[in-house]
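Here's the structure, in C-alpha coordinates; my notes come after.
Just so it is clear, the values below take in all heavy atoms, side chains as well, and ignore hydrogens, waters and symmetry mates. We count residues from 1, following the sequence as given.
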Amino acid sequence: MKKYLGLILFYSVCAHSAVEPKIRVKIQKTLDEVTVSGRDLKRFLWPTNSMQEFLGKKTIHFNCKSKYRFNRKKPIRLASISSNTGILEIEREKYKGTVHVQTSEKFNGCDIINELFLEDYLATLLPKEMNSNWPIEALKAQAVAARSYAYYKLMTDQVSRTKGFNTYYDIENSEKHQVNGSYFDATRKTMKAAKGTKGEVLALAGGKVSPVFFHSKCGGKTLTPDQVWTNKVPGYKSVPCPFCHKHGKKNWKHTFKEDKVQGHIKRAIANYNRPRSEIKNSNMQFYRDSKSNYKLKVSLNGAQKSIKKSRLRSTMGRKALPSNYFNLKKVGDEIIVSGSGYGHGVGMCQFGAKELALQGFSYKQILAHYFPELDLIKVY
(Lines give C-alpha, C1' and ligand atoms only; values in the text may rest on other atoms or scores of the structure.)
Protein backbone atom coordinates (compact mmCIF):
# COMPACT_ATOMS: atom_id res chain seq x y z
CA MET A 1 0.00 0.00 0.00
CA LYS A 2 2.84 2.43 0.75
CA LYS A 3 3.87 1.98 -2.88
CA TYR A 4 0.63 3.67 -3.97
CA LEU A 5 -0.37 5.92 -1.09
CA GLY A 6 2.59 6.65 1.09
CA LEU A 7 4.06 9.58 -0.85
CA ILE A 8 0.79 11.26 -1.84
CA LEU A 9 0.48 14.79 -0.50
CA PHE A 10 -2.94 16.00 0.48
CA TYR A 11 -3.83 19.68 0.80
CA SER A 12 -6.77 21.25 2.57
CA VAL A 13 -7.68 24.84 1.71
CA CYS A 14 -9.67 27.11 3.99
CA ALA A 15 -13.29 27.82 3.17
CA HIS A 16 -14.03 30.81 0.94
CA SER A 17 -17.82 30.72 1.32
CA ALA A 18 -19.92 30.21 4.43
CA VAL A 19 -23.26 29.73 2.68
CA GLU A 20 -24.45 26.27 1.69
CA PRO A 21 -25.92 26.53 -1.81
CA LYS A 22 -29.12 25.03 -3.11
CA ILE A 23 -29.12 22.85 -6.20
CA ARG A 24 -31.90 22.36 -8.75
CA VAL A 25 -32.30 18.71 -9.75
CA LYS A 26 -34.43 17.51 -12.64
CA ILE A 27 -36.01 14.48 -10.99
CA GLN A 28 -38.62 13.58 -13.62
CA LYS A 29 -39.26 14.57 -17.21
CA THR A 30 -41.88 14.52 -19.97
CA LEU A 31 -44.81 13.66 -17.69
CA ASP A 32 -48.39 13.77 -18.99
CA GLU A 33 -49.66 14.67 -15.52
CA VAL A 34 -48.09 16.01 -12.34
CA THR A 35 -49.52 15.73 -8.82
CA VAL A 36 -47.94 17.55 -5.88
CA SER A 37 -49.27 17.05 -2.34
CA GLY A 38 -48.45 18.44 1.09
CA ARG A 39 -49.64 20.52 4.01
CA ASP A 40 -49.91 24.31 4.05
CA LEU A 41 -48.75 24.63 0.46
CA LYS A 42 -47.64 27.78 -1.31
CA ARG A 43 -48.02 27.87 -5.08
CA PHE A 44 -46.48 30.54 -7.28
CA LEU A 45 -47.71 30.64 -10.89
CA TRP A 46 -45.04 32.07 -13.16
CA PRO A 47 -47.24 32.91 -16.21
CA THR A 48 -49.52 35.11 -14.06
CA ASN A 49 -46.93 36.13 -11.45
CA SER A 50 -49.38 35.21 -8.66
CA MET A 51 -49.03 33.47 -5.28
CA GLN A 52 -51.67 31.38 -3.51
CA GLU A 53 -51.56 29.66 -0.12
CA PHE A 54 -53.51 26.55 0.88
CA LEU A 55 -54.08 25.65 4.53
CA GLY A 56 -54.12 22.02 5.61
CA LYS A 57 -53.73 19.03 3.32
CA LYS A 58 -53.77 19.94 -0.38
CA THR A 59 -53.11 18.24 -3.73
CA ILE A 60 -52.30 20.28 -6.83
CA HIS A 61 -52.71 18.76 -10.30
CA PHE A 62 -51.16 19.74 -13.61
CA ASN A 63 -52.37 18.37 -16.95
CA CYS A 64 -49.42 18.44 -19.33
CA LYS A 65 -50.67 16.33 -22.24
CA SER A 66 -51.44 19.12 -24.69
CA LYS A 67 -52.10 22.26 -22.69
CA TYR A 68 -48.55 23.62 -22.72
CA ARG A 69 -47.54 23.59 -26.38
CA PHE A 70 -45.85 26.76 -27.54
CA ASN A 71 -43.76 27.80 -30.52
CA ARG A 72 -40.60 28.21 -28.47
CA LYS A 73 -37.22 26.55 -28.22
CA LYS A 74 -36.73 26.65 -24.46
CA PRO A 75 -38.81 25.45 -21.50
CA ILE A 76 -41.32 27.65 -19.68
CA ARG A 77 -41.64 27.70 -15.91
CA LEU A 78 -45.22 27.04 -14.89
CA ALA A 79 -45.28 26.87 -11.09
CA SER A 80 -43.19 26.66 -7.93
CA ILE A 81 -44.61 24.84 -4.90
CA SER A 82 -43.33 24.74 -1.35
CA SER A 83 -44.64 23.65 2.05
CA ASN A 84 -44.24 25.06 5.53
CA THR A 85 -43.40 21.51 6.66
CA GLY A 86 -40.48 21.40 4.20
CA ILE A 87 -41.71 18.12 2.67
CA LEU A 88 -43.63 17.60 -0.59
CA GLU A 89 -45.05 14.42 -2.11
CA ILE A 90 -44.77 13.66 -5.83
CA GLU A 91 -45.93 10.35 -7.28
CA ARG A 92 -45.89 8.75 -3.79
CA GLU A 93 -42.31 9.87 -3.15
CA LYS A 94 -41.44 12.58 -0.63
CA TYR A 95 -38.91 15.34 -1.28
CA LYS A 96 -37.33 18.12 0.73
CA GLY A 97 -37.29 21.69 -0.53
CA THR A 98 -39.22 23.35 -3.34
CA VAL A 99 -40.68 21.77 -6.46
CA HIS A 100 -40.76 23.59 -9.79
CA VAL A 101 -42.99 22.45 -12.64
CA GLN A 102 -42.03 23.47 -16.17
CA THR A 103 -42.63 22.43 -19.74
CA SER A 104 -40.27 19.90 -21.21
CA GLU A 105 -37.76 21.14 -23.76
CA LYS A 106 -39.75 19.63 -26.64
CA PHE A 107 -43.08 20.75 -25.11
CA ASN A 108 -44.41 17.19 -25.00
CA GLY A 109 -45.08 17.12 -21.25
CA CYS A 110 -43.85 18.53 -17.95
CA ASP A 111 -40.51 18.26 -16.16
CA ILE A 112 -40.18 18.38 -12.37
CA ILE A 113 -37.29 20.19 -10.70
CA ASN A 114 -36.50 19.70 -7.02
CA GLU A 115 -34.61 22.60 -5.43
CA LEU A 116 -32.96 21.72 -2.13
CA PHE A 117 -29.81 22.26 -0.11
CA LEU A 118 -26.76 20.48 -1.50
CA GLU A 119 -26.19 18.37 1.65
CA ASP A 120 -29.81 17.15 1.65
CA TYR A 121 -29.33 16.19 -2.00
CA LEU A 122 -26.17 14.21 -1.16
CA ALA A 123 -27.82 12.28 1.67
CA THR A 124 -30.37 10.87 -0.81
CA LEU A 125 -27.76 10.34 -3.54
CA LEU A 126 -25.29 8.20 -1.59
CA PRO A 127 -27.54 5.10 -1.21
CA LYS A 128 -28.25 5.26 -4.96
CA GLU A 129 -24.67 5.72 -6.17
CA MET A 130 -23.02 3.51 -3.51
CA ASN A 131 -24.23 0.79 -1.14
CA SER A 132 -25.21 2.57 2.09
CA ASN A 133 -23.90 -0.40 4.12
CA TRP A 134 -20.33 0.09 2.90
CA PRO A 135 -17.62 1.47 5.26
CA ILE A 136 -18.18 5.07 6.30
CA GLU A 137 -14.85 6.23 4.84
CA ALA A 138 -15.86 4.91 1.41
CA LEU A 139 -19.19 6.72 1.73
CA LYS A 140 -17.38 9.91 2.71
CA ALA A 141 -15.13 9.62 -0.36
CA GLN A 142 -18.24 9.14 -2.48
CA ALA A 143 -19.88 12.14 -0.83
CA VAL A 144 -16.94 14.38 -1.74
CA ALA A 145 -16.79 13.05 -5.31
CA ALA A 146 -20.53 13.49 -5.87
CA ARG A 147 -20.57 16.90 -4.19
CA SER A 148 -17.65 18.00 -6.37
CA TYR A 149 -19.44 16.95 -9.55
CA ALA A 150 -22.69 18.65 -8.50
CA TYR A 151 -20.88 21.78 -7.29
CA TYR A 152 -19.09 22.08 -10.63
CA LYS A 153 -22.40 21.85 -12.49
CA LEU A 154 -23.91 24.45 -10.17
CA MET A 155 -21.08 26.97 -10.13
CA THR A 156 -20.39 26.89 -13.87
CA ASP A 157 -24.04 26.72 -15.00
CA GLN A 158 -22.75 23.96 -17.24
CA VAL A 159 -26.12 22.49 -18.30
CA SER A 160 -27.57 25.81 -19.48
CA ARG A 161 -24.32 26.74 -21.24
CA THR A 162 -24.28 23.44 -23.10
CA LYS A 163 -27.95 23.71 -24.09
CA GLY A 164 -27.64 27.35 -25.10
CA PHE A 165 -30.57 28.55 -23.02
CA ASN A 166 -31.68 28.74 -19.38
CA THR A 167 -32.77 25.21 -18.44
CA TYR A 168 -33.84 26.22 -14.89
CA TYR A 169 -32.01 23.18 -13.47
CA ASP A 170 -28.39 22.38 -12.60
CA ILE A 171 -28.22 18.60 -12.78
CA GLU A 172 -30.30 15.57 -13.79
CA ASN A 173 -31.35 12.61 -11.70
CA SER A 174 -30.01 10.07 -14.20
CA GLU A 175 -26.99 7.95 -15.10
CA LYS A 176 -26.04 10.74 -17.49
CA HIS A 177 -25.27 12.94 -14.47
CA GLN A 178 -25.89 11.44 -11.02
CA VAL A 179 -28.67 9.31 -9.55
CA ASN A 180 -30.31 10.53 -6.37
CA GLY A 181 -33.29 9.36 -4.36
CA SER A 182 -36.13 10.83 -2.36
CA TYR A 183 -36.42 11.89 1.28
CA PHE A 184 -36.77 8.38 2.76
CA ASP A 185 -33.84 6.96 0.77
CA ALA A 186 -31.42 8.79 3.06
CA THR A 187 -30.08 6.70 5.95
CA ARG A 188 -28.27 7.60 9.16
CA LYS A 189 -25.03 6.44 7.61
CA THR A 190 -25.41 8.45 4.40
CA MET A 191 -26.42 11.53 6.38
CA LYS A 192 -23.35 11.00 8.58
CA ALA A 193 -21.11 10.72 5.51
CA ALA A 194 -22.54 13.92 4.03
CA LYS A 195 -22.32 15.79 7.36
CA GLY A 196 -18.78 14.52 8.04
CA THR A 197 -17.53 16.03 4.77
CA LYS A 198 -19.83 19.04 4.63
CA GLY A 199 -18.74 21.64 2.11
CA GLU A 200 -15.68 19.68 0.94
CA VAL A 201 -14.97 19.37 -2.79
CA LEU A 202 -12.02 18.44 -4.99
CA ALA A 203 -10.56 21.28 -7.03
CA LEU A 204 -7.58 22.31 -9.11
CA ALA A 205 -4.74 24.33 -7.64
CA GLY A 206 -6.03 27.75 -6.68
CA GLY A 207 -9.52 26.43 -5.92
CA LYS A 208 -10.85 26.28 -9.50
CA VAL A 209 -13.65 23.73 -9.70
CA SER A 210 -13.43 20.82 -12.10
CA PRO A 211 -15.81 17.93 -12.88
CA VAL A 212 -15.08 14.92 -10.69
CA PHE A 213 -16.06 11.51 -12.04
CA PHE A 214 -16.49 8.08 -10.49
CA HIS A 215 -17.47 4.61 -11.66
CA SER A 216 -18.24 1.15 -10.34
CA LYS A 217 -15.07 -0.88 -10.96
CA CYS A 218 -12.01 0.02 -13.02
CA GLY A 219 -10.59 -3.51 -13.28
CA GLY A 220 -7.00 -2.61 -12.40
CA LYS A 221 -6.25 0.86 -13.75
CA THR A 222 -8.26 4.06 -14.02
CA LEU A 223 -8.59 6.05 -17.24
CA THR A 224 -8.44 9.78 -17.92
CA PRO A 225 -11.39 11.68 -19.44
CA ASP A 226 -9.65 12.23 -22.80
CA GLN A 227 -9.04 8.48 -23.11
CA VAL A 228 -12.78 7.86 -22.89
CA TRP A 229 -14.56 10.98 -24.11
CA THR A 230 -13.67 13.87 -26.41
CA ASN A 231 -12.21 16.71 -24.36
CA LYS A 232 -9.28 16.67 -21.99
CA VAL A 233 -10.24 17.59 -18.41
CA PRO A 234 -7.47 19.08 -16.23
CA GLY A 235 -6.57 17.43 -12.96
CA TYR A 236 -6.72 13.78 -14.02
CA LYS A 237 -4.07 11.09 -14.02
CA SER A 238 -4.41 7.37 -14.72
CA VAL A 239 -3.54 5.46 -11.54
CA PRO A 240 -3.14 1.75 -10.72
CA CYS A 241 -5.92 0.14 -8.72
CA PRO A 242 -4.96 -3.30 -7.38
CA PHE A 243 -7.83 -3.08 -4.90
CA CYS A 244 -11.15 -3.56 -6.68
CA HIS A 245 -10.55 -7.13 -7.86
CA LYS A 246 -11.73 -8.47 -4.49
CA HIS A 247 -15.23 -7.03 -4.91
CA GLY A 248 -18.10 -6.96 -7.34
CA LYS A 249 -18.43 -9.09 -10.46
CA LYS A 250 -15.28 -10.83 -11.65
CA ASN A 251 -13.61 -10.49 -15.04
CA TRP A 252 -15.91 -10.93 -18.01
CA LYS A 253 -15.51 -12.61 -21.41
CA HIS A 254 -17.81 -12.48 -24.43
CA THR A 255 -17.55 -14.20 -27.81
CA PHE A 256 -18.88 -12.68 -31.03
CA LYS A 257 -18.84 -13.57 -34.70
CA GLU A 258 -15.98 -11.77 -36.41
CA ASP A 259 -18.17 -10.15 -39.07
CA LYS A 260 -20.43 -8.68 -36.37
CA VAL A 261 -17.50 -7.10 -34.52
CA GLN A 262 -16.01 -5.84 -37.77
CA GLY A 263 -19.32 -4.15 -38.59
CA HIS A 264 -19.37 -2.38 -35.21
CA ILE A 265 -15.74 -1.29 -35.57
CA LYS A 266 -16.36 0.13 -39.05
CA ARG A 267 -19.40 2.04 -37.79
CA ALA A 268 -17.45 3.39 -34.81
CA ILE A 269 -14.59 4.54 -37.03
CA ALA A 270 -17.00 6.12 -39.52
CA ASN A 271 -19.06 7.86 -36.80
CA TYR A 272 -16.34 9.13 -34.47
CA ASN A 273 -13.28 9.77 -36.60
CA ARG A 274 -13.02 13.16 -38.28
CA PRO A 275 -13.68 13.79 -41.06
CA ARG A 276 -16.57 11.36 -40.93
CA SER A 277 -16.45 8.81 -43.72
CA GLU A 278 -18.28 5.71 -44.90
CA ILE A 279 -16.38 2.43 -44.55
CA LYS A 280 -17.99 -0.44 -46.41
CA ASN A 281 -16.26 -3.30 -48.19
CA SER A 282 -12.91 -3.19 -46.42
CA ASN A 283 -10.58 -6.03 -45.54
CA MET A 284 -9.92 -5.82 -41.78
CA GLN A 285 -6.95 -7.18 -39.89
CA PHE A 286 -6.53 -6.96 -36.10
CA TYR A 287 -3.36 -5.81 -34.38
CA ARG A 288 -2.27 -7.41 -31.12
CA ASP A 289 -4.30 -5.84 -28.31
CA SER A 290 -4.09 -5.53 -24.52
CA LYS A 291 -6.40 -4.18 -21.83
CA SER A 292 -4.05 -1.31 -21.09
CA ASN A 293 -4.53 0.07 -24.62
CA TYR A 294 -7.36 2.56 -24.56
CA LYS A 295 -7.45 2.56 -28.36
CA LEU A 296 -8.15 -0.37 -30.66
CA LYS A 297 -5.93 -0.56 -33.76
CA VAL A 298 -6.92 -2.37 -36.95
CA SER A 299 -5.82 -2.46 -40.56
CA LEU A 300 -8.37 -1.58 -43.24
CA ASN A 301 -7.16 -2.44 -46.75
CA GLY A 302 -3.60 -2.06 -45.52
CA ALA A 303 -4.14 1.32 -43.82
CA GLN A 304 -3.88 1.53 -40.03
CA LYS A 305 -6.96 2.87 -38.27
CA SER A 306 -7.59 3.41 -34.58
CA ILE A 307 -10.68 4.04 -32.49
CA LYS A 308 -11.11 4.62 -28.77
CA LYS A 309 -12.44 1.52 -27.07
CA SER A 310 -15.05 3.70 -25.40
CA ARG A 311 -16.41 4.50 -28.88
CA LEU A 312 -16.67 0.82 -29.72
CA ARG A 313 -18.42 0.30 -26.38
CA SER A 314 -20.92 3.02 -27.29
CA THR A 315 -21.56 1.32 -30.62
CA MET A 316 -21.87 -2.25 -29.30
CA GLY A 317 -23.63 -1.32 -26.05
CA ARG A 318 -22.84 -1.64 -22.35
CA LYS A 319 -24.19 -5.18 -22.13
CA ALA A 320 -21.77 -6.42 -24.78
CA LEU A 321 -18.86 -4.37 -23.38
CA PRO A 322 -19.44 -3.64 -19.66
CA SER A 323 -16.28 -1.51 -19.38
CA ASN A 324 -13.61 0.23 -21.46
CA TYR A 325 -10.88 -2.01 -20.01
CA PHE A 326 -10.78 -4.95 -22.42
CA ASN A 327 -8.84 -6.60 -25.23
CA LEU A 328 -9.91 -8.32 -28.47
CA LYS A 329 -8.47 -11.59 -29.77
CA LYS A 330 -9.33 -13.28 -33.07
CA VAL A 331 -9.81 -17.06 -32.85
CA GLY A 332 -10.94 -18.62 -36.10
CA ASP A 333 -14.01 -16.78 -37.32
CA GLU A 334 -14.79 -15.45 -33.83
CA ILE A 335 -13.64 -12.51 -31.71
CA ILE A 336 -13.12 -13.12 -28.00
CA VAL A 337 -13.44 -9.98 -25.87
CA SER A 338 -11.93 -10.29 -22.39
CA GLY A 339 -12.46 -7.45 -19.96
CA SER A 340 -12.28 -6.30 -16.37
CA GLY A 341 -14.36 -3.80 -14.44
CA TYR A 342 -17.69 -2.08 -14.99
CA GLY A 343 -18.37 1.47 -16.07
CA HIS A 344 -16.35 4.14 -17.89
CA GLY A 345 -13.28 3.79 -15.65
CA VAL A 346 -12.63 7.50 -15.09
CA GLY A 347 -11.89 8.93 -11.64
CA MET A 348 -12.71 7.11 -8.42
CA CYS A 349 -13.20 3.35 -8.54
CA GLN A 350 -16.03 2.67 -6.06
CA PHE A 351 -15.10 -0.95 -5.32
CA GLY A 352 -11.49 0.16 -4.95
CA ALA A 353 -12.61 2.80 -2.48
CA LYS A 354 -14.50 0.14 -0.53
CA GLU A 355 -11.41 -2.07 -0.26
CA LEU A 356 -9.20 0.83 0.82
CA ALA A 357 -11.74 1.76 3.50
CA LEU A 358 -11.81 -1.86 4.72
CA GLN A 359 -8.02 -1.73 5.00
CA GLY A 360 -8.29 1.30 7.29
CA PHE A 361 -7.58 4.18 4.93
CA SER A 362 -9.45 7.45 5.41
CA TYR A 363 -11.61 9.11 2.82
CA LYS A 364 -8.89 11.74 2.35
CA GLN A 365 -6.33 9.04 1.53
CA ILE A 366 -8.79 7.32 -0.83
CA LEU A 367 -9.44 10.55 -2.72
CA ALA A 368 -5.73 11.37 -2.80
CA HIS A 369 -5.02 8.07 -4.51
CA TYR A 370 -7.64 8.40 -7.25
CA PHE A 371 -7.24 12.17 -7.69
CA PRO A 372 -3.54 12.87 -6.98
CA GLU A 373 -3.62 16.15 -8.92
CA LEU A 374 -6.64 17.63 -7.17
CA ASP A 375 -6.82 19.33 -3.76
CA LEU A 376 -9.47 18.97 -1.10
CA ILE A 377 -10.98 22.36 -0.28
CA LYS A 378 -13.89 23.49 1.87
CA VAL A 379 -16.23 25.82 -0.01
CA TYR A 380 -18.84 26.37 2.75
Side-chain angles (χ1 to χ4, degrees), residues 19-31 34-38 43-44 46 60 62 64 74-83 85-105 109-130 132 139 142-163 165-187 190-191 193-195 197-199 201 209 211-214 379-380:
V19 180
E20 178 185 350
K22 289 184 178 181
I23 190 165
R24 301 168 300 174
V25 187
K26 182 196 281 190
I27 56 174
Q28 296 189 48
K29 60 183 180 180
T30 322
L31 299 179
V34 175
T35 300
V36 182
S37 302
R43 182 190 65 189
F44 182 81
W46 289 95
I60 300 174
F62 294 89
C64 306
K74 57 184 180 180
I76 298 172
R77 289 189 295 181
L78 302 175
S80 298
I81 304 169
S82 60
S83 168
T85 66
I87 303 294
L88 295 168
E89 182 175 325
I90 305 169
E91 307 299 324
R92 298 183 180 180
E93 296 284 353
K94 288 183 168 55
Y95 297 89
K96 269 191 171 184
T98 301
V99 165
H100 306 288
V101 181
Q102 65 185 50
T103 62
S104 62
E105 292 174 13
C110 286
D111 294 346
I112 300 179
I113 315 299
N114 181 206
E115 183 176 3
L116 71 169
F117 283 107
L118 189 50
E119 298 304 319
D120 291 332
Y121 163 73
L122 284 171
T124 70
L125 176 146
L126 290 177
K128 294 294 184 179
E129 290 287 2
M130 181 177 277
S132 59
L139 288 168
Q142 179 64 66
V144 173
R147 184 187 295 110
S148 301
Y149 182 83
Y151 192 75
Y152 169 81
K153 293 280 189 183
L154 176 64
M155 292 293 103
T156 62
D157 200 22
Q158 192 262 346
V159 174
S160 292
R161 287 190 298 105
T162 300
K163 294 279 188 179
F165 55 81
N166 191 351
T167 60
Y168 302 116
Y169 69 90
D170 306 302
I171 198 168
E172 290 185 23
N173 175 24
S174 69
E175 290 186 2
K176 179 182 177 182
H177 290 170
Q178 295 185 146
V179 178
N180 68 289
S182 57
Y183 178 71
F184 286 114
D185 286 315
T187 68
T190 62
M191 288 188 285
K195 184 177 180 180
T197 61
K198 183 177 180 180
V201 301
V209 293
V212 171
F213 302 103
F214 51 89
V379 292
Y380 57 83

Mind checking whether [X] and [Y] have side chains closer than 4.5 Å, heavy atoms only?
{"X": "P75", "Y": "E105", "result": "yes"}
{"X": "K22", "Y": "Y121", "result": "no"}
{"X": "Q178", "Y": "Y149", "result": "yes"}

Problem set entry | Partner set under ring-ring contact (aromatic ring centres under 6.0 Å, His included) for F214, not counting sequence neighbours | none
Problem set entry | Test ring-ring contact (aromatic ring centres under 6.0 Å, His included) applied to F44 - qualifying residues, sequence neighbours left out |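 F44 satisfies ring-ring contact (aromatic ring centres under 6.0 Å, His included) with W46 once adjacent residues are dropped.
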Exercise. Just wondering, are more than 12 heavy atoms of other shown residues or ligands nearer than 6.0 Å to NZ in K29?
Worked result: no
Exercise. Can you name the closest pair of heavy atoms from E91 and Q28 and give their distance?
Worked result: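 Looking at all heavy atoms of both residues, the closest pair is CG-NE2, 3.9 Å.
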Seminar exercise, completed: Closest non-hydrogen atoms of T103 and D111, given as atom of the first, atom of the second and distance, are O-OD2, 4.1 Å
Exercise. Of all residues at least two apart in sequence or in a different chain, which pass the salt bridge (Lys or Arg N to Asp or Glu O under 4.0 Å) check with K195?
Worked result: none
Seminar exercise, completed: side-chain contact (heavy atoms from CB on, under 4.5 Å) filter on T156, not counting sequence neighbours, yields Y152, Q158, R161, V209
Problem set entry | Sequence-distant partners of S148, side-chain contact (heavy atoms from CB on, under 4.5 Å), two or more places apart |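 Partners of S148 by the side-chain contact (heavy atoms from CB on, under 4.5 Å) criterion, ordered by chain and then number, come out as V144, V201, L202, V212.
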For this session: Check side-chain hydrogen bond (donor to acceptor under 3.5 Å, both in side chains) between D170 and all other residues, then give those that pass, not counting sequence neighbours.
Result: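 Only R24 meet the side-chain hydrogen bond (donor to acceptor under 3.5 Å, both in side chains) criterion with D170.
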